[in-house]
Novice: 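Please read through the structure below; I'll follow up with questions.
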Amino acid sequence: MMRSEALGAYRTLLRATRKSFAGDTLMLSESAVEIRKKFEENRNVSSDSEIKKLLEEAKEASHFIANMIVQAKLNSSGGYEVKPSKDHAGATLEIPSEDLLRKSL
């Protein structure tokens with residue numbers, strides 16, 4: 001039963017990243033690698049309480065990725081636009097400075 005829950009949590013995390021990072025090949029691949037790494041690190045955990053804790057952390061992470069991350073997109077005038085979806089309603093947006101965004105490219 002825990003195995004199927006872990007697989008479900010893994011898939012939910014990947015879906016959340018595909019939604020939040022759509023069109024950003026680098027972030028999609030890097031996030032998939034990181035998710036896989038975290039699950040592999042915990043592959044041999046056998047304690048039910050520890051497994052439940054890890055599953056809860058995965059659930060919280062997928063919620064955070066899907067609902068709290070909005071990517072800025074470079075627009076035609078050279079600035080960045082943030083277009084939150086209805087899933088982000090009520091979230092507080094922290095918009096990074098233009099300098100920070102340019103440094104990350």
Novice: Just to verify, what does Asn42 make a side chain to side chain donor-acceptor pair (under 3.5 Å) with, not counting sequence neighbours?
Specialist: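 With neighbours one apart ignored, the set is empty.
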Novice: Please name all residues satisfying salt bridge (charged side-chain N to carboxylate O under 4.0 Å, His left out) with Glu30, sequence neighbours left out, ordered by chain then number.
Specialist: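 Not a single residue meets the salt bridge (charged side-chain N to carboxylate O under 4.0 Å, His left out) criterion with Glu30.
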Novice: Please name all residues satisfying side-chain contact (heavy atoms from CB on, under 4.5 Å) with Leu55, sequence neighbours left out, ordered by chain then number.
Specialist: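 Checked Leu55 against side-chain contact (heavy atoms from CB on, under 4.5 Å); matches are Met2, Glu5, Ala6, Ala9, Ile51.
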Novice: Got a second to check how far Met68's CE is from Ser20's OG, nearest 0.5 Å?
Specialist: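 Interatomic distance, Met68 CE to Ser20 OG, rounded to 0.5 Å: 11.0 Å.
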Novice: Quick one: side chain to side chain donor-acceptor pair (under 3.5 Å) partners of Ser49, sequence neighbours excluded?
Specialist: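 Here the qualifying residues are Ser47.
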Novice: Might you point out which heavy atoms bring Glu50 and Val45 nearest each other, and give the distance in Å?
Specialist: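 Closest approach of Glu50 to Val45, heavy atoms only: CG-CG1, 3.5 Å.
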Novice: What residues form a side chain to side chain donor-acceptor pair (under 3.5 Å) with Asn44, not counting sequence neighbours?
Specialist: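 With sequence neighbours excluded, Asn44 shows a side chain to side chain donor-acceptor pair (under 3.5 Å) to no residue whatsoever.
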Novice: Could you work out, with side chain to side chain donor-acceptor pair (under 3.5 Å) as the rule, every residue matching Glu40, not counting sequence neighbours?
Specialist: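 Scan of Glu40 (side chain to side chain donor-acceptor pair (under 3.5 Å), adjacent residues dropped) gives Arg36, Arg43.
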Novice: Taking ring-ring contact (aromatic ring centres under 6.0 Å, His included) as the cut-off, I'd like each qualifying pair that reaches into residues 31-52, sequence neighbours left out, listed once.
Specialist: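 Every pair satisfying ring-ring contact (aromatic ring centres under 6.0 Å, His included) with a residue in residues 31-52: Tyr10-Phe39.
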Novice: Name each donor-acceptor pair under 3.5 Å that joins a side chain in residues 57-65 to protein atoms two or more places apart or in another chain, with its distance.
Specialist:
from  : atom 1 : to    : atom 2 : distance (Å)
Ser62 : OG     : Ala58 : O      : 3.4
Ser62 : OG     : Lys59 : O      : 2.9
His63 : ND1    : Asn67 : ND2    : 2.8

Novice: Scan residues 13-32 for pairs that pass ring-ring contact (aromatic ring centres under 6.0 Å, His included), counting only residues two or more places apart or in two chains.
Specialist: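 Output for this query is empty, none listed.
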Novice: Report the residues that fulfil side-chain contact (heavy atoms from CB on, under 4.5 Å) with Glu41, sequence neighbours left out, ordered by chain and then residue number.
Specialist: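 Partners of Glu41 by the side-chain contact (heavy atoms from CB on, under 4.5 Å) criterion, ordered by chain and then number, come out as Lys37, Lys38.
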Novice: Quick one: does Thr17's side chain have a donor or acceptor within less than 3.5 Å of a partner on Leu14's backbone?
Specialist: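 Present.
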